[in-house]
Peer 1: 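One structure, pasted below without further comment.
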Amino acid sequence: MCGVVGLVQKSNVNQAIYDALTVLQHRGQDAAGIMTCDDGKLYLRKQNGLVRDVFHTSHMINLQGNVGVGHVRYPTAGCASSAEAQPFYVNSPYGIALAHNGNLTNADELKAALFHEDKRHINTDSDSEVLLNVFAHELQCANKLHIDADDIFEAVRGVHKRCKGGYAAIAMITGIGIVGFRDPYGIRPIVFGKRTSDVGDEYMIASESVALDALGFERIRDIEPGEAVFITVDGELHTLQCADNPVYAPCIFEHVYLARPDSIIDDIYVYRARLRMGEKLADKVQREFAENDIDVVIPIPDTSRTAALALANKLGVRYREGFIKNRYIGRTFIMPGQQQRKKSVRQKLNAIELEFKGKNVLLVDDSIVRGTTSGQIIQMARDAGARNVYFASAAPPVRYPNVYGIDMPAAEELIAYNRTDEEVCEIIGADKLVYQDLDDLIDAVRAGNPAVERFDTSCFNGEYVTEDVTLEYLSHLEKQRADSAKGENKAKANVIDMHNTP
């Protein structure tokens with residue numbers, strides 16, 4: 001999960017991209033970067049850290065130009081080194097910068113082909129650099145000094161033929177414009193919008209519609225699966241479907257957890273989808289826990305609030321805020337390493353004893369991934385005096401890794417992997433556990449847009465929409481994503497960064 005943004009304005013884009021990245025900060029807290037173009041010259045600033053920490057006044061002054069791309073990152077492939085902060089850049093052809101959200105499932109194969117066949121060198125372990133070089137090679141095939149929209153669309157068509165997996169990307173071509181494109185399944189989200197000024201039309205492409213809202217852009221629509229959107233430096237818009245057989249199969253976990261509730265993704269209002277999830281979950285609670293003695297429903301902030309409120313209303317039970325969140329610590333889901341995740345939970349949340357003492361409490365969360373956080377929060381509720389602690393998940397059991405750009409851990413680190421619901425309940429220490437049914441989750445999200453043919457629900461049922469995910473690939477991914485491996489990668493990254501420090 002990363003956040004991408006691209007802008008073509010009639011004035012400098014530096015502040016606008018910065019503002020958009022702050023709105024998309026929830027999509028990645030590992031690194032941030034901006035590259036702009038001014039009269040054929042490129043200006044770049046990227047580094048590990050939050051947006052507010054990466055960009056200072058001196059950096060912003062240097063980011064000149066009316067065209068630019070930005071990125072916020074957390075690592076799903078590669079390591080947490082600042083060398084892998086985006087945007088990435090290649091000087092041939094034309095000078096191209098790219099920001100990418102997603103994960104290529106054939107990155108190793110592509111990397112070998114780029115070296116042996118295309119004579120291109122990949123300098124990092126990031127699949128985003130692979131995607132950039134594939135796009136650059138396909139664009140170079142035009143073999144022209146001056147390219148147009150048709151050449152760019154043909155290059156995107158070549159990307160779709162070679163790259164597998166999930167990707168939503170924005171590329172800036174020096175002196176020409178920006179192009180946004182989405183994989184043929186539309187797994188990762190991307191949207192574009194328009195703002196009309198006194199001097200002409202301005203365009204923006206971003207991961208979520210909230211970035212458009214924040215800057216006063218009118219949302220046009222989502223980029224369709226397999227489609228490319230090209231905006232020239234002069235503000236001309238071109239769109240074309242570049243995939244032969246596109247299928248609408250977006251990632252359903254965006255609606256469960258990743259996206260902001262005020263976003264619209266694939267014409268589905270995330271907030272309303274989460275309300276429906278809560279109502280569906282209430283039905284499940286009534287079926288499985290008909291004689292319940294729930295006194296109060298308490299959400300685990302922040303993502304589960306919407307579903308918890310809808311659940312409480314349907315059950316006719318009081319809804320209360322029982323946990324106060326420290327907003328100056330990052331989301332535990334994004335943090336590298338299980339040890340740091342364990343340490344952060346009590347720093348992140350504090351229980352209000354009044355809402356727990358002597359009560360039977362139903363805690364609601366958006367999902368349960370590793371279960372570590374859930375177990376500690378349940379214990380916090382008990383320490384605050386709760387008589388019984390029940391737990392409900394707005395998502396089904398997460399049993400399989402996500403391979404399309406969400407850093408879900410290796411299968412063996414998922415608490416529901418090869419375990420029954422009862423076993424999970426015992427491990428996290430709840431008195432009762434209720435999971436959302438997958439069919440109910442799908443119905444809750446699809447109700448917002450029946451035109452979506454299917455969703456990627458692979459982390460729940462192991463069915464990968466691209467149909468190219470093998471046991472061998474999952475085994476390789478497990479070695480990369482295991483917490484122990486991340487610890488080794490982080491140590492290597494620290495050594496690299498130390499040697500690169502001036």
Peer 1: Which heavy atom of F230 sits nearest a heavy atom of A149, and at what distance?
Peer 2: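 It is CD2-CB, 3.8 Å.
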Peer 1: Judged by modelled atom types alone, do H26 and Y257 share a side-chain donor-acceptor pair under 3.5 Å?
Peer 2: no
Peer 1: Once you round to the nearest 0.5 Å, how far does CG of L349 lie from CZ of F323?
Peer 2: 6.5 Å
Peer 1: Examine the side chains of D201 and T196 and answer whether a donor and an acceptor come within less than 3.5 Å of each other.
Peer 2: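 Yes, because at least one side-chain N or O of D201 sits under 3.5 Å from a partner of the opposite role on T196.
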Peer 1: Less than 4.0 Å between a side-chain N and a carboxylate O, is that true for D262 and R260?
Peer 2: yes
Peer 1: Tell me the closest heavy-atom pair linking R274 and E254, and the distance in Å.
Peer 2: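 Closest approach of R274 to E254, heavy atoms only: NH2-O, 3.5 Å.
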Peer 1: For the pair K325 and D302, find out whether any cationic side-chain nitrogen is under 4.0 Å from an anionic carboxylate oxygen.
Peer 2: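 Salt bridge: yes.
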Peer 1: Run the side-chain donor-acceptor check on residues 240-251: report pairs under 3.5 Å with partners two or more places apart or on a different chain.
Peer 2:
residue	atom	partner	partner atom	Å
Q241	OE1	A243	N	3.0
Q241	NE2	P225	O	3.0
Y248	OH	D266	OD1	2.8

Peer 1: Is it true that atom NE2 of H146 has more than 12 heavy atoms of other residues, nucleotides or ligands lying nearer than 6.0 Å?
Peer 2: no
Peer 1: Starting at NE2 of H100, measure out to SG of C2 and round the result to the nearest 0.5 Å.
Peer 2: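 These two atoms lie 7.5 Å from each other.
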Peer 1: Taking atom CG of D53 as the centre, does the number of heavy atoms from other residues, nucleotides or ligands within less than 6.0 Å exceed 12?
Peer 2: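 Counting neighbours around CG of D53, more than 12 heavy atoms of other residues, nucleotides or ligands fall under 6.0 Å, so yes.
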Peer 1: Rounded to the nearest 0.5 Å, how far does NE2 of H59 lie from CD1 of I34?
Peer 2: 11.0 Å
Peer 1: Taking everything shown except K144 itself, do over 12 heavy atoms lie less than 6.0 Å from its NZ?
Peer 2: yes
Peer 1: What distance separates T306 OG1 from Y271 OH, expressed to the nearest 0.5 Å?
Peer 2: 5.5 Å
Peer 1: For P396 and L441, which heavy atoms make the closest approach, and how far apart are they?
Peer 2: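 Shortest heavy-atom separation between P396 and L441 comes out as CD-CD2, 3.5 Å.
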Peer 1: Does the pair R162/D118 count as a salt bridge with the N-to-O cut at 4.0 Å?
Peer 2: yes
Peer 1: So that I can tick it off, tell me whether E109 and K164 are bridged by a salt bridge, with the cut-off set at under 4.0 angstrom between side-chain N and carboxylate O.
Peer 2: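 Here K164 does not pair with E109 in a salt bridge, since their nearest N and O are not under 4.0 Å apart.
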Peer 1: Side chains of R195 and Q9: donor-acceptor distance under 3.5 Å anywhere?
Peer 2: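 Distance-only check passes for R195 and Q9.
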Peer 1: Are E84 and R73 within salt-bridge range, i.e. N to O under 4.0 Å?
Peer 2: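 A salt bridge links E84 with R73.
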Peer 1: Taking E129 as the fixed residue, which of L114, I122, L98 is the one that meets the side-chain contact (heavy atoms from CB on, under 4.5 Å) rule?
Peer 2: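 Looking at L114, I122, L98, the match for E129 under the side-chain contact (heavy atoms from CB on, under 4.5 Å) is I122.
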Peer 1: Taking all atoms of both residues into account, what is the closest heavy-atom pair of S304 and D366, and its distance?
Peer 2: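 Looking at all heavy atoms of both residues, the closest pair is CB-N, 3.5 Å.
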Peer 1: If only side-chain N and O atoms count, and only distance matters, is there a donor-acceptor pair under 3.5 Å linking T105 with D468?
Peer 2: yes
Peer 1: Return the OG to CG distance between S126 and L131, rounded to the nearest 0.5 Å.
Peer 2: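 One gets 9.0 Å once the value is rounded to the nearest 0.5 Å.
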Peer 1: Would you find more than 12 non-hydrogen atoms of other residues, nucleotides or ligands less than 6.0 Å from Y269 atom OH?
Peer 2: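 No, because the 6.0 Å sphere around OH of Y269 holds 12 heavy atoms or fewer from other groups.
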Peer 1: Measure the acute angle between the ring planes of F253 and F460, then classify it against the limits of 30° and 60° as parallel, tilted or perpendicular.
Peer 2: tilted
Peer 1: Please find the pair of heavy atoms, one from R219 and one from D222, that lie closest to each other, and give the distance.
Peer 2: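 Here R219 and D222 meet closest at NH2-OD1, 2.9 Å.
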Peer 1: Taking all non-hydrogen atoms of both residues into account, name the closest pair between L7 and I178 and its distance.
Peer 2: N-CD1, 3.7 Å
Peer 1: Can you spot which of H160, R182, R188 makes a side-chain hydrogen bond (donor to acceptor under 3.5 Å, both in side chains) with Y167?
Peer 2: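 Answer to the side-chain hydrogen bond (donor to acceptor under 3.5 Å, both in side chains) test with Y167 among H160, R182, R188: H160.
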Peer 1: Less than 6.0 angstrom separating the ring centers of F135 and F181, yes or no?
Peer 2: yes
Peer 1: Could you check whether K161 pairs with E138 (Lys NZ or Arg NE/NH1/NH2 to Asp/Glu carboxylate O, under 4.0 Å)?
Peer 2: no
Peer 1: Within the supplied structure, the quantity of interest is the number of heavy atoms (other residues, nucleotides, ligands) at a distance under 6.0 Å from E321 CD; does it exceed 12?
Peer 2: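 Atom CD in E321 is crowded, with more than 12 foreign heavy atoms closer than 6.0 Å.
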Peer 1: Look at E227 together with R221 and state whether they make a salt bridge at an N to O cut-off of under 4.0 Å.
Peer 2: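 Looking at R221 together with E227, the answer is yes, because their closest N to O distance falls below 4.0 Å.
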Peer 1: Scan side-chain atoms only and decide if S458 and E463 contain a donor-acceptor pair under the 3.5 Å cut-off.
Peer 2: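 Short answer, no.
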Peer 1: Can you tell me how far the CD1 atom of I17 sits from the CG atom of L24, to the nearest 0.5 Å?
Peer 2: 11.5 Å
